[in-house]
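Comments concern the structure below.
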Amino acid sequence: MASGQLFSRTTQALFYNYKQLPIQRMLDFDFLCGRETPSVAGIINPGAEGFQKLFFGQEEIAIPVHSTIEAACNAHPTADVFINFASFRSSAASSMAALKQPTIRVVAIIAEGVPESDAKQLISYARANNKVVIGPATVGGIQAGAFKIGDTAGTIDNIIQCKLYRPGSVGFVSKS
């Protein structure tokens, strides 16, 4: 990856708190981009183990489900992005647990309502350990033609219409 670049066509993520639609939209984006491997390496669903069937193009694939952040990081050491779909009540604790994993480089927190003091603590820890926090209360992020976080950019129809499946199409940053 180029200096300052967060994502690439080989970036893989761990998805916390199973949400079928955002994961499937990520996989659809991956397929449109022509990625060789899906961007979602594993799902973390506390208390659950096994596999979740989803689609990568027309092919049905099984994505491993892990019950803990530590187990997922150990099973998928190349997955360096943690996408956190936990509620505001638990997102700070699960995000901090992810930041403490040596393999995690970027944590994206979707939850709204995370206390400001918790957000500041996460950001401080991330900076001190050369990691990145996106959010809290983010809709995600996208690198055109490479990687997408959750529901960012909407449906496949919108991604095709905006040509986000190809590199260099669009750059967008928003702050609420």
Side-chain angles (χ1 to χ4, degrees), residues 1-87 90-111 122-123 125-136 138-153 165:
M1 263 187 284
S3 179
Q5 184 177 332
L6 286 182
F7 312 119
S8 74
R9 291 179 56 81
T10 60
T11 298
Q12 285 197 296
L14 296 173
F15 199 102
Y16 187 84
N17 200 17
Y18 179 65
K19 302 283 185 200
Q20 183 176 354
L21 188 57
I23 294 172
Q24 186 59 64
R25 286 185 174 168
M26 287 178 67
L27 296 173
D28 291 343
F29 177 81
D30 295 344
F31 183 76
L32 277 176
C33 293
R35 284 181 58 126
E36 297 284 323
T37 57
S39 62
V40 180
I43 299 166
I44 302 159
N45 195 8
E49 291 280 338
F51 292 91
Q52 184 62 50
K53 289 183 180 180
L54 293 153
F55 287 93
F56 188 63
Q58 299 299 319
E59 181 183 345
E60 193 171 41
I61 60 171
I63 297 181
V65 177
H66 305 278
S67 62
T68 67
I69 294 167
E70 295 79 12
C73 289
N74 288 335
H76 309 283
T78 60
D80 61 356
V81 177
F82 182 84
I83 301 171
N84 194 343
F85 265 78
S87 74
S90 63
S91 63
S94 52
S95 294
M96 184 59 80
L99 285 169
K100 289 182 177 181
Q101 297 301 309
T103 57
I104 298 299
R105 182 179 53 86
V106 177
V107 172
I109 307 166
I110 309 302
L122 290 167
I123 292 166
Y125 184 89
R127 282 187 181 144
N129 290 278
N130 200 28
K131 298 184 181 210
V132 175
V133 172
I134 300 171
T138 184
V139 294
I142 191 167
Q143 182 164 338
F147 184 78
K148 155 183 158 100
I149 297 172
D151 283 325
T152 299
Y165 58 89

Could you check L6 against V132 for side-chain contact (heavy atoms from CB on, under 4.5 Å), going step by step and ending with a plain yes or no? CA-CA 9 Å; L6 286 182; V132 175; 3.8 Å; yes
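Once rounded to the nearest 0.5 Å, the distance linking CD1 of I23 with CZ of F85 reads 8.0 Å. Separating the CD1 atom in I142 from the CG atom in D151 is a distance of 11.5 Å, to the nearest 0.5 Å. Atoms CD and CG, from Q24 and D30 in turn, are 10.0 Å apart once rounded to the nearest 0.5 Å. Rounding to the nearest 0.5 angstrom, the gap separating the OH atom in Y16 from the CG atom in N45 is 8.5 Å. A distance of 12.5 Å separates CD1 in I149 from CZ in F82, rounded to the nearest 0.5 Å.
With sequence neighbours excluded, the residues forming a ring-ring contact (aromatic ring centres under 6.0 Å, His included) with F147 are F7, listed by chain and number. By the salt bridge (Lys or Arg N to Asp or Glu O under 4.0 Å) test, R9 is found to be paired with no residue, residues two or more places apart in sequence or in another chain being considered. Judged as a side chain to side chain contact (heavy atoms under 4.5 Å, CB included), and not counting sequence neighbours, N74 has no contacts. Under the side-chain hydrogen bond (donor to acceptor under 3.5 Å, both in side chains) criterion, R35 pairs with no residue, sequence neighbours left out.
Within the 4.5 Å cutoff, the side chain of I110 has heavy atoms near those of the T138 side chain. Between I69 and I104 there is no side-chain heavy-atom pair separated by less than 4.5 Å. With contacts defined as side-chain heavy-atom distances shorter than 4.5 Å, the pair F15/M26 qualifies. Side-chain contact check for S39 versus F29: every heavy-atom pair is 4.5 Å or farther apart. By the 4.5 Å heavy-atom criterion applied to side chains, V81 and T11 are counted as neighbours.
Judged by distance alone, the side chain of Q12 and the main-chain N or O of P38 form a donor-acceptor pair under 3.5 Å. When atom types are taken as modelled, the side chain of D80 and the backbone of R105 share no donor-acceptor pair closer than 3.5 angstrom. One N or O on the side chain of T152 and one on the backbone of G141 form a donor-acceptor pair closer than 3.5 Å.
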Which donor-acceptor pairs under 3.5 Å do side chains of residues 90-100 form with protein atoms, sequence neighbours excluded?
{"from": "S91", "atom 1": "OG", "to": "S87", "atom 2": "O", "distance (Å)": "3.4"}
{"from": "S94", "atom 1": "OG", "to": "N84", "atom 2": "ND2", "distance (Å)": "2.9"}
{"from": "S94", "atom 1": "OG", "to": "S90", "atom 2": "O", "distance (Å)": "3.0"}
{"from": "S94", "atom 1": "OG", "to": "S91", "atom 2": "O", "distance (Å)": "3.3"}
{"from": "S95", "atom 1": "OG", "to": "N84", "atom 2": "ND2", "distance (Å)": "2.9"}
{"from": "S95", "atom 1": "OG", "to": "S91", "atom 2": "O", "distance (Å)": "2.7"}

For a quick test of your reading: what N or O donor-acceptor pairs under 3.5 Å do the side chains of residues 46-64 make, sequence neighbours left out?
{"from": "E49", "atom 1": "OE2", "to": "S67", "atom 2": "N", "distance (Å)": "3.0"}
{"from": "E49", "atom 1": "OE2", "to": "S67", "atom 2": "OG", "distance (Å)": "2.8"}
{"from": "Q52", "atom 1": "NE2", "to": "Y18", "atom 2": "OH", "distance (Å)": "3.3"}

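The two residues A72 and I44 have their closest heavy-atom pair at CB-CG1, 3.5 Å. Shortest non-hydrogen contact noted between A86 and A111 is O-CB, 3.3 Å.
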